[in-house]
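Step one of this worksheet: look at the structure below.
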Amino acid sequence: MRKLLIPLLFLAQTFCANAQVKEVVLEEGTYNILKPWTYGPQDSDLVIRGAGRGRTIVSGGIELPPFTLSDSGLWCIDLKGRHPLGADIQQLFVSGERAVPARTPNEGSYFHPDGCEETVFDEGAGRKGLAVQAVSFGEDAAAVLSPLAGPDYPDLTAAFLHSWDITRKPVLDIDPEGRRLFVSGHKMHPWNEIARPGCSQFYFEGNVSFLDAPGEFFHDAEAGILYYMPREGEEISTARAVVPCTERLLAVAGTAGSPVRNITFEGITFEYSSFNTDWHGNDPAQ
């Protein structure tokens, strides 16, 4: 049972010593939302309870059409004109398990940079300045990137794991002969550069050639096709693909002078929230 609205079984009111407690009971089923449920001071002393004992589900995801088998043996979904957001798919869950964006090296392995040179073109204040980073790489990364130089890498993303942070950046350009790639963003911390030899590692996402390991997916946004390599034991007839579309499922909005108090959620499962990388990437974050 899937719902876009919230039918209430009943609204019960009981009384405490100093407050009137309101209770909202939700029917069993799945409630798909495209924006967060928002609560304010007027909702204080409210209990929201699922009648399904965990089978009352609030979902920020949208289920896609069933998979079909492609000629290459991959599973695929034709989304031409059907993807509800009309955007690239950066996150995917298959039968409740998070799928991995097609990457190289595969999960658990990494490239290691040879160094990084930064050119600052806007000093800004603190780390608000803007810069281009030229990351040099070894022969292992060169073997992967050299065939992609030119028009084949417009959606290529580099993810750097450096010390305690991760930084994700779209690749601006590749210099195969000089074995360098270029990304841009805020200036680096001098104590935690994105590509310091011995302290950093990185991998790439964003090319169909990286789709080579079970559990990986790739969305060809131009063609409107989603590809997935199934994990062992998954059945194409029963697999369910869900794309998270809502970044926040709940929002509580109060002020110091008008706070929100005593909102309780019971017996409700919250699932599938999104976090996407936009055109300028993600700056260092733990």
Side-chain angles (χ1 to χ4, degrees), residues 1-11 23-40 43 46-67 75-77 79 82-103 107 159 166 168 205 213-219 221 226-253 260 262-278 282 285-286:
M1 186 191 316
R2 312 189 73 79
K3 307 174 179 67
L4 292 175
L5 299 178
I6 307 171
L8 306 183
L9 287 183
F10 57 85
L11 176 63
E23 184 179 64
V24 174
V25 182
L26 304 181
E27 294 179 352
E28 177 181 331
T30 299
Y31 299 85
N32 297 99
I33 62 175
L34 293 179
K35 60 181 181 180
W37 285 359
T38 303
Y39 299 89
D43 300 305
L46 175 65
V47 176
I48 303 173
R49 181 166 59 84
R53 297 183 179 274
R55 295 186 299 274
T56 299
I57 299 168
V58 177
S59 174
I62 293 180
E63 185 168 349
L64 299 181
F67 285 109
W75 295 1
C76 64
I77 300 175
L79 295 174
R82 302 174 71 179
H83 180 36
L85 297 185
D88 191 21
I89 295 176
Q90 298 185 24
Q91 294 174 294
L92 180 73
F93 286 79
V94 179
S95 299
E97 295 291 328
R98 182 184 291 275
V100 177
R103 56 170 282 182
E107 197 168 19
I166 181 170
R168 298 172 56 84
E205 297 174 347
E216 289 187 343
F217 75 95
F218 179 79
H219 179 216
L226 176 74
Y227 296 97
Y228 175 69
M229 181 172 286
R231 296 181 173 99
E232 184 177 357
E234 290 181 322
E235 297 290 341
I236 195 170
S237 59
T238 57
R240 171 176 168 247
V242 174
V243 174
C245 297
T246 308
E247 185 170 347
R248 292 187 298 162
L249 303 183
L250 291 176
V252 179
V260 183
N262 304 325
I263 296 181
T264 304
F265 297 88
E266 298 177 354
I268 300 174
T269 297
F270 293 91
E271 62 182 19
Y272 302 127
S273 62
S274 68
F275 180 80
N276 289 331
T277 299
D278 61 19
N282 300 127
Q286 296 186 35

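All residue numbers in this chain count up from 1 along the given sequence.
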Requested in this report: May I ask you to decide if I57's main-chain N or O and E271's side chain share a donor-acceptor pair within less than 3.5 Å?
Outcome: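 Answer holds: no.
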
Requested in this report: Spell out, as yes or no, whether a donor-acceptor pair under 3.5 Å connects the side chain of T246 to the backbone of S273.
Outcome: no

Closest heavy-atom pair and its distance - [X], [Y]:
X    : Y    : answer
D88  : A221 : OD1-CB, 4.2 Å
E27  : A51  : CA-CB, 4.5 Å
A99  : Y228 : CB-CE1, 4.0 Å
A239 : S95  : CA-OG, 3.4 Å
Q91  : V243 : O-CG1, 3.9 Å
I77  : A241 : CD1-CB, 4.0 Å

Find out whether [X] and [Y] are in side-chain contact, i.e. whether some heavy atom of one side chain is under 4.5 Å from a heavy atom of the other.
X    : Y    : answer
Y272 : I62  : no
P65  : L79  : yes
V58  : L250 : no
L92  : L64  : yes
F67  : E234 : no

Residues two or more places apart in sequence or in another chain: which of them pass ring pair (Phe, Tyr, Trp, His ring centres under 6.0 Å) with [X]?
X    : answer
F270 : F265
F217 : none
Y227 : none
F218 : none

Roughly how far, to the nearest 0.5 Å, is the [atom2] atom of [Y] from the [atom1] atom of [X]?
X    : Y   : atom1 : atom2 : value
E63  : N32 : CD    : CG    : 8.5 Å
C245 : I33 : SG    : CD1   : 11.0 Å
D43  : W37 : CG    : CH2   : 12.0 Å
T264 : R49 : OG1   : CZ    : 12.0 Å

**Report entry** Partner residues of R55 under the side-chain hydrogen bond (donor to acceptor under 3.5 Å, both in side chains) criterion, sequence neighbours left out
**Finding:** E28

**Report entry** side chain to side chain contact (heavy atoms under 4.5 Å, CB included) partners for V100, two or more places apart
**Finding:**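 Checked V100 against side chain to side chain contact (heavy atoms under 4.5 Å, CB included); matches are R103, E107, E216.
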
